[in-house]
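Reviewing the structure listed below.
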Amino acid sequence: PMSIPQQARTGTPSPGGTMRIARPAASAAETLDSASSLGAYEYLGALFNRLVKMDEEGQTVPDLADDWESDASALVWTFHLRGGVRFHDGKELTAEDVVYSIRHVLDPDVGSPQAGTLESMFGPDDVTAVDKHTVRFSLQTANAEFPSLLTSYHCYIIPEGSAAEIGRTGVGTGPFKLESYTPAGAGVVVANEDYFEGRPVLDRIEFYSIQDTTARVNALLAGQVDLIAQTNLDHPTARVVTGTEGTTVARMENAQWYTIPMLYTSDEFSDVRVRQAMKHAYDPQSLLQTALQGEGDAGWDNPVPPGLAGRLEHNREYDPERAKSLLAEAGMEGFSTRLYTSSYEANLTPIATAHADQAAEAGIDLQITNVSADSYYTETWMQVPLMVSYFATGRPLDQLLNQIFRTGSGYNESAWANEDFDNLLDDARADVNESSRMQKYMDAQQLIIDESPHMTPIFGDRLVGLSEKVVNYREFSFEFDYLNIGLED
Amino acid sequence: MSTEATPQQDPQSTVAKKPRRRLLTTTGVGLVMVGLTVLIAVLSPWLTPYSATATNAHIALMGPSAEHWLGTDQYGRDVLTRTLEGGRYALLVAFLSTTIAVVIGTLIGAVAAYAEGWLDEIISRVMDAVLSVPAVLAMLLIVTVFGQGLWVIVLAVAVVYVPAVARVVRGAARPVANSGYVTAARARGERGLPIIIREILPNVRDTVMVEFAMRASWVILLVSTLSFLGFGANPPTPDWGLMVEENRTALTVAPLGTVAPIVSLAILVVGVNLAADGLAKRMGVDRAARAAG
Amino acid sequence: MATFILRRLLTGLVTLLIASFLVYFATAALPGDVAQQLLGQDATEEAVAAMREELGIEQSVWLGYLSWLGGIITGDFGTSLVSQEPVSEIVFGAFGNTLLIAVPAILIGVVLSVLLGVIAAVRRGRAADSGISVGTLVAMSIPEFVIATLLVLIFAIALPVFPAVVLSGSEATLGELLPAIWLPIITLVLAMAAYIVRATRSSTIDMMAGEFARTAELKGLRRRQVLTRHVVPNALLPVLPVIAINIAWLMGGVVVVESIFNYPGMGALMIESVSTRDLPVLQAIAIITAVVYVLANLAADLLSMIIDPRQRRTSGTVSAKTTEEAA
Amino acid sequence: MSTQPTEQTETPVVEVEGLSISYSAGTRMVPVTREVSFTLAAGETVALVGESGSGKTTVATSLLGALRPGSQIVNGAVRIEGEDVFALDAEKLRALRGGRVALVAQNAGHALTPSMRVGTQIAEALAAHGLDSSAEKVQQLGRRVHLDDPELLRRYPHELSGGQQQRVAIAMAIAAEPKVLVLDEPTTALDVITQRAILDLIAELRAELGVAVVLVSHDLGVVAEIADTSLVMQDGDVVETGPTAEVLSAPAHEYTRKLVAAAPKLKTGGAASTSTEPGSVEPLPATEPVLSCQGLSIRYKRSAPLAVDGFAAEIGEGQTLAVVGQSGSGKSTVAAALAGLLPAERGTISFSTTAGEGEGADLLKPAGKRSLETRRAVQLVFQNADLALNPRRTVGDAIARPLKYFSVAKSRSEIQDRVGALLEEVGLDPSYARRLPAQLSGGQRQRIGIARALAAEPRLLIADEITTALDVSVQAEVLDLLADLQKRRGLSCLFISHDLAVVQRVADHVVVMKDGVVVEQGPVETILTYPQQPYTRQLLEATVHIDAA
Ligand SMILES: Nc1ncnc2c1ncn2[C@@H]1O[C@H](COP(=O)(O)OP(=O)(O)OP(=O)(O)O)[C@@H](O)[C@H]1O
Ligand SMILES: Nc1ncnc2c1ncn2[C@@H]1O[C@H](COP(=O)(O)OP(=O)(O)OP(=O)(O)O)[C@@H](O)[C@H]1O
Ligand SMILES: [Mg+2]
Ligand SMILES: [Mg+2]
């Protein structure tokens, strides 16, 4: 069988050109205000910049700030802005804009998902403009990883005083300027000739909304669009796209982090033996093979993706017999429950299917229950004992562990509450020594593997469908390289 | 007595004789198609050596071979096995929901026809109102409210089809309700329910049987559409609609995974339609004229 | 006749009223609300509560129903909870787009199927009839999602004659939609024609066997005249309700078609509104489809009155013949 | 036609020669007619007589070269003016139909296209043969069939009465001045008065146009009136042929004899015209009245006119009261009200449930509100036996139901015995209890209807046109049975009919209704012999007589 390309095509694009991107239709309430939970994600990277961004190794690197430092206790952080950066409306970027943008994120009326993370460290008055090009954050608790928190895609910088209209105007400092925009509909951005890193290759990008995944793929196959965004192709579709003349697939290695949270507060999974049994009951290697035809990496229940600095290399074993005996110990032989899934993401159901099939060998009966995709993350998520879920990888290590595993955190989808774990994270943040800090993060990972109600069966490569004309497609974490992407004739 | 009549002397039965034989064969073909599907669905576990749900990553998306006549799907499951077993869900749901819809619809229709007057008017208006809401919207709402268990789907389909059945049965029961034997029962002073059960229902039996067969074919399609939309059978259940949904993206890579369930579905529905046609003609019910009721 | 129309309009209104009641309470029973749905997985409880208050979705269902009904009567369907735009604007825009595929589908479908039905009836038992019968049987047996998928595969991807999807959303212009309407239209025609063809065939056969057709033939008319003047108009009578039902069905049937072709019509809006719990939009859609249903039935009744003078009976002038039948 | 020999007056217009028609049932050929032969000259009328299904219509339509689908000619030929109609090509056949041979189909109500104005349909008949089809010509044809008002021609078929529809059908048939007119039961669906008018019209046209007429009928009275020659058919065979008068007065074949004997004959005492004789309206029956109603008025809908206005009558014990009148005069309405199926607006009905009780139950109450005893004592027999029996229940069930319901019989075996006895009483074998209605002939079904009514052991039997749908011979049997039962059981009976000959045969008293009002009532002999009212006289005169020939 035809194999899927290992990486996207690179080369020299012809300058200019219009790229057409299809994306899933968002709700009619979507906005260009990045602080909001309804931000139109594909536009944001083209229109805006942050203080700092993340590179492919997960390192925090300059964006609007070209340099930053902290005091010895990691309590006060100072960022120095690039000079001569202008917003699309011509206004020059200053430290006041940055302060305004961060306070906007903290504004309770905005209800930004990033607010909680930042609030725990500083209040609105703790961010100040030192001078025209210097911004200072005074943290209430030490955090050696603080800059990585500002790489979030909710932290884009907007002009001072623009909060009321930014959702429609999209005035930022980014490589493209907004020409038109309809929530949940079509929109156009055009090249920003004055971009501080130089003009982008493309002249124009047109965005279209297509709700049905198959319809999106069909639009690509029929040559109506050049790229389908936010659509991780399942393996068979990827093969069709690869096999069709004019279209191909770009691979983002391990970009999809698939999880199977066991709800900590449920009757089934409050017993650690049952959780361990669940983990021993399946073989992630074979699951990867069945669900994704091997396009990814086995996770072995460690949420930190391969390649990310600070990952704990470990070797949990596949041991169905041990799973059986653990269940017997817990008095739960012949354990049976529902495993929820939906078509929210193409691979959730394949993973559920493969997982249930494997668990059956360890005597665990998982009944796959498919629910409506539109209510999956509002009605099912964090409410049923067992489900398949996913995140995008590319979070900095500290952010990953804090956001998803800390007690009470908004993304803590297994509702795990473990004091030792929380303390480990706090200690790590306060630890300015690089190597002992990393050790604490690794201990935390070990705790997740051993005790948490969280399974990471696999990391999947994200397979993006695009036209063969597209070159230099690069995407990692929440970053999309709008600057260098282009079209060949 | 001189006017001794044998059935042969009845002009109606002589006229009907010739077409009946030919129709029997059409009905026969239809019944054979349906019967085979049911038989295969029941026997499927013994028909192939493979499990319909066990995955095998090493043989995913293979073309037809001696081992796997129709190839395998993306999980390495045997397409033939899944296709053979794939009728179970649709048949079960179709049978249950059609039965419920037809039973309730028949009762409502018969009551409306017998009652006439304001009760009939109220029933008709409510049925009309339910009919006026698009079936897909109704199904979406019901499934979203109650989740998508087998019984929810069964009841949802039933709710959607009750008014249609009621309308047809009401139409058929109307002349019966005005017939001499009902009048005689009324003159005797009999109450409504015994009249409906004793006199009316037996005489709309043909209509109801045809209605059952016809609804069944629509319900099978509707159920497969629901599965296709992700509201029907749960994976890894081998269900035709679900199989189409799972495999349609790979249509050009492994076409049989999609084609086999579609063809099976079409065979079943054609069979049900043929049987319904034959039944309708035998029973003298005009089926086509009430299609899509 | 006027009183008849008035009566039918009145029953139609009652139907709509009951439908509105059912729809309102069914949608109100949807679990989760727009606030939760809008704010998504990141929402805090407080944010959801605040949003709820802002949207005014806390009032009782009964009050809600009455004020909603009052709004509809004055042509005000309320404001979308999601986009904050007037519901009527959103829904009528989508409705217009749906009409753009539904009306041609109905026109082509009805004309074509009646024609085929008559041909099959006239050539009863011969090759043409068998062909048409097999064709309709197959068309009836293949779900429309399969038809649509195949059409895209053949006419948009393999032979790029038509676009596979509509790219622009609800703001699409007529010029953008026109090239994209053909595949949806073909799908709809195929999906609904079968029933009409069969109904037409069967009633045409009935009418041809009827005494008046025989009389017309035996008074020396040509077959074509017998067919066009005597048989077909009367054969259409039982077909009209079938057509009406199909038109109403079309309003729901577009869901699958619109989602496959990303067509910005009412079916797509319906799916979207279910997923965002945008109740005012959902309710408006349900009411509009109910109105279409009622109007289609009314139109069928009126048409059959035009074709069949017996149904034009006005009170008072009951003739001897009709009473014989009534008794 | 140029090849035809020059016209000879003796050449018959119609020659049917050894005509055998069969239809195929599977591999079998079932004969419909066997060796039918007759000839017919211009101006002559031949009648085809026989019971239902004997092949009359088949022979008649073959004159137009038409066969039912599935039928074929096994033998013989039909020649019109010497030309074999079944050998004609399509265009010539079309010219023949409606041109040289025209048909007036069995039921004008069904034969006219409901969606087309009748004038247009007449115009079509003209246009089809290349004739002037102007409005004027159509009106002229209309006048010929006595549809003088041009407005009538702009109506749709359903806006005309049965008689008017029949006239339109005739107008269509004579449009192209055919040589042969085929009339298939032209008056069966009409009441006596309308039938009379149509028969007169046919006679008139025959004289005027000099056409040859083929008349199909099972009514010997009609045949006697207009046919020169009669062919009696039975099961596809012609069993007797001859001048009508001979056939009817001295029938040679046994079947013909039976037909003639069964035909109800109206005896007017030879003095239908002596109506001027003072006919004292007879005093009310001497016996104790079982039923007595006064000023009964019934309305169907609030705004509609009264369907029955001030009906008054009495029925004595063991007596039969007949209600006669043309269609729509309110006969069935009275019956329904007495049975408690229709509410009366005004009036009184009193009914004594047991003999000698005088003023008894009030029959103004609807059936549901009457006492069980009253409901038992009043029983209905319906006009259409096909519709009166539940086709899904056996004959035994149908008869057992009232037995159980009215607790006439309790135990299973008792019920079974009673059912058997009742079947025997109406002249059927007890084994019939296991049959379904579809396995019975029309006459047998009517007997079951009567048995079911008798099962309740009623005092009053209401019989609404119970023999109208039956063949003459069967009709006679059922009437005899009824009379016999009445005598044996002392039943009172309200007998509704529009056939005066039948009424004369069964009733003691008669009520004549017109437009919902009683115009005349009294003992049968008095009313039929000395009718006082012009309407009654009209009814009497319209009645056709078998001995008219
Ligand atoms: N093509 C055919 N297929 C089946 N039965 C036929 C066919 N042609 C004639 N018959 C049967 O032949 C018999 C004669 O029919 P025909 O209509 O001539 O009778 P009729 O004497 O006119 O009866 P009626 O008085 O009821 O009109 C009937 O039993 C009829 O059902
Ligand atoms: N169900 C009904 N609704 C309204 N009017 C009716 C109804 N039945 C009968 N009528 C009217 O009542 C009048 C009397 O009808 P009825 O049936 O009693 O006549 P009839 O003498 O029995 O006639 P026929 O000889 O045709 O049976 C007629 O004018 C008829 O139009
Ligand atoms: Mg006949
Ligand atoms: Mg009557």
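Among pairs with a residue in residues 251-269 of chain C, those fulfilling side-chain hydrogen bond (donor to acceptor under 3.5 Å, both in side chains) read T98(C)-E258(C), at least two apart in sequence or across chains.
Smallest separation of non-hydrogen atoms from Q224(A) and A164(C): OE1-N, 2.8 Å. Across every non-hydrogen atom of V165(C) and A215(A), the tightest pair is CG1-O, 3.3 Å.
Note on A222(A), G223(A), P183(A): by heavy-atom pairs under 4.5 Å with chain C, the leading option is A222(A).
Taking non-hydrogen atoms and a 4.5 Å limit, the residue list of residues 145-161 of chain C in contact with chain A, ordered by number, reads V152(C), A156(C), I157(C).
With a 6.0 Å radius and a threshold of 12 heavy atoms from other residues, nucleotides or ligands, R103(A) has its CZ atom above the threshold.
Looking at S209(A), the atoms closer than 4.5 Å to chain C (heavy atoms on both sides) all sit in the backbone: N, CA, C or O.
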